[in-house]
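Everything numeric here is computed off the predicted structure, so don't read it as measured data. All residue numbers in this chain count up from 1 along the given sequence.
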Amino acid sequence: TVKRQLERSEKNFRNLIMQAPVGMTLLTGDDHVVELANDQYLMLVGREREGFEGKPIWELIPEAKEQGFDKILQNVKDTGEAFFGNETPVMLVRNGKPETVYINFVYEPLVPEEGKVRSILVVAIDVTKQVEARKLVEISEERARLAMESASLGTYEINVKTLEVHASPRFNELF
């Protein structure tokens, strides 16, 4: 029957969220009540499952609201257009202390047939380690560049496959 197919589809959707390898939560209604949240999402936001579902998201994570995520989420609900955040810094209180994490996230509206956004699926991935590693590389590159400039060093690189030489302007000046 159609009812059974809808129930099976709903169950499959919920299982997909709960078993996803990334943080996912389903927010419903005008207050963005947490209908469902998987373990990865709870770990990302530093919260426990007990008492998390069934409450408005901003009651549960007020520090994210203070950073403007509530306005982004409301805009998704109002317009029906998804929002994509890339390496977005967010301060979260995790394990009782404030931490800045970087996340890639999507607020994806789920639009029922009547054309009104009823729920929003949040998909979030913690990319803090990648962002911090890239920043360390950038700092190291800048330090090396400054050291070479201050010592008036010239540098060159040789492509061992093509034997092409790429020299810095200072290297060319010295030769």
Side-chain angles (χ1 to χ4, degrees), residues 1-139 141:
T1 67
V2 172
K3 184 179 179 184
R4 188 174 287 150
Q5 286 176 335
L6 284 174
E7 287 172 355
R8 190 177 306 127
S9 178
E10 174 80 12
K11 184 179 178 187
N12 288 341
F13 177 69
R14 289 177 176 276
N15 284 339
L16 176 76
I17 290 173
M18 294 307 287
Q19 296 172 8
V22 297
M24 294 179 85
T25 188
L26 183 63
L27 308 176
T28 303
D30 292 333
D31 292 336
H32 308 295
V33 172
V34 176
E35 189 173 321
L36 190 64
N38 70 7
D39 291 340
Q40 289 77 9
Y41 186 82
L42 293 169
M43 192 169 29
L44 173 68
V45 297
R47 302 304 196 272
E48 296 292 325
R49 176 165 305 285
E50 187 175 327
F52 195 81
E53 294 174 350
K55 294 183 181 173
I57 190 71
W58 307 128
E59 186 180 309
L60 299 164
I61 312 173
E63 66 271 22
K65 179 179 182 179
E66 295 167 7
Q67 296 168 72
F69 288 92
D70 61 329
K71 292 175 181 62
I72 297 169
L73 192 61
Q74 190 60 48
N75 189 58
V76 170
K77 182 162 180 42
D78 294 344
T79 65
E81 295 177 15
F83 182 87
F84 299 85
N86 187 41
E87 294 185 357
T88 304
V90 58
M91 190 283 298
L92 294 169
V93 177
R94 302 191 324 175
N95 303 316
K97 62 180 183 171
E99 281 182 63
T100 297
V101 296
Y102 294 86
I103 57 171
N104 290 348
F105 71 99
V106 178
Y107 288 159
E108 183 67 43
L110 303 180
V111 183
E113 289 182 24
E114 62 268 12
K116 194 174 178 188
V117 175
R118 184 180 159 277
S119 299
I120 297 173
L121 181 64
V122 178
V123 181
I125 303 169
D126 185 345
V127 292
T128 304
K129 289 180 182 176
Q130 293 90 323
V131 170
E132 289 174 349
R134 189 185 73 246
K135 286 182 177 185
L136 286 174
V137 169
E138 289 170 357
I139 289 169
E141 287 174 346

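- For the pair Val101 and Arg94, the minimum side-chain heavy-atom distance is below 4.5 Å.
- Between Thr100 and Pro89, the shortest heavy-atom contact is CG2-CB, 4.2 Å.
- Of all the heavy atoms in Ala37 and Glu53, the pair that sits closest is N-OE2, 3.0 Å.
- Heavy-atom neighbours of Arg4 CZ from other residues, nucleotides or ligands within 6.0 Å: at or below the threshold of 12.
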_Step-by-step side-chain contact (heavy atoms from CB on, under 4.5 Å) determination, Thr28 to Arg118_ = CA-CA 6 Å; Thr28 303; Arg118 184 180 159 277; 3.9 Å; yes
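- With contacts defined as side-chain heavy-atom distances shorter than 4.5 Å, the pair Val34/Lys55 does not qualify.
- Within 6.0 Å of the CD atom in Glu10, the count of heavy atoms belonging to other residues, nucleotides or ligands exceeds 12.
- Annotation: side chain of Lys77 is in contact with side chain of Asp30 (closest heavy-atom distance under 4.5 Å).
- What you find for Ile57 and Phe52 is that their closest heavy atoms are CD1-CZ, 4.1 Å.
- With values rounded to the nearest 0.5 angstrom, Asn75 atom CG is found 11.5 Å from Asp70 atom CG.
- For the pair Val117/Val76, no side-chain contact is recorded, criterion being any heavy-atom separation below 4.5 Å from C-beta on.
- Atom-to-atom distance recorded for Ile139:CD1 and Arg134:CZ is 11.0 Å, nearest 0.5 angstrom.
- For the pair Trp58/Leu73, a side-chain contact is recorded, criterion being any heavy-atom separation below 4.5 Å from C-beta on.
- Side chains of Leu92 and Glu99 form no contact here, defined as non-hydrogen atoms less than 4.5 Å apart.
- Between Glu63 and Arg47 there is a salt bridge, since a side-chain N of the basic residue sits under 4.0 Å from a carboxylate O of the acidic one.
- Between Tyr107 and Phe83, the two ring planes are tilted [angle within 30° to 60°].
- Remark: Gln130 CD to Glu87 CD distance equals 8.5 Å, nearest 0.5 Å.
- Contact check for Val45 versus Thr25: no side-chain heavy atoms found under the 4.5 Å cut-off.
- Residues Ile61 and Phe69 have side chains not in contact (no heavy-atom distance under 4.5 Å, counting atoms from C-beta outward).
- For the residue pair Asn38 and Arg49, the shortest heavy atom distance occurs at C-NH2, 3.6 Å.
- The minimum heavy-atom distance between Lys135 and Tyr102, with the atom names listed, is NZ-OH, 2.8 Å.
- Interatomic distance, Ile103 CD1 to Ile125 CD1, rounded to the nearest 0.5 Å: 10.0 Å.
- With rounding to the nearest 0.5 angstrom, the CG atom of Leu26 is 4.5 Å from the CD atom of Glu35.
- Minimum heavy-atom separation, Leu44 to Ala124: CD2-CB, 3.5 Å.
- Annotation: the span from Lys65 atom NZ to Ile72 atom CD1 amounts to 14.0 Å, rounded to 0.5 Å.
- Judged by distance alone, with hydrogens and angles left aside, the side-chain atoms of Asp31 form no donor-acceptor pair with the main-chain N or O of Val33 at under 3.5 Å.
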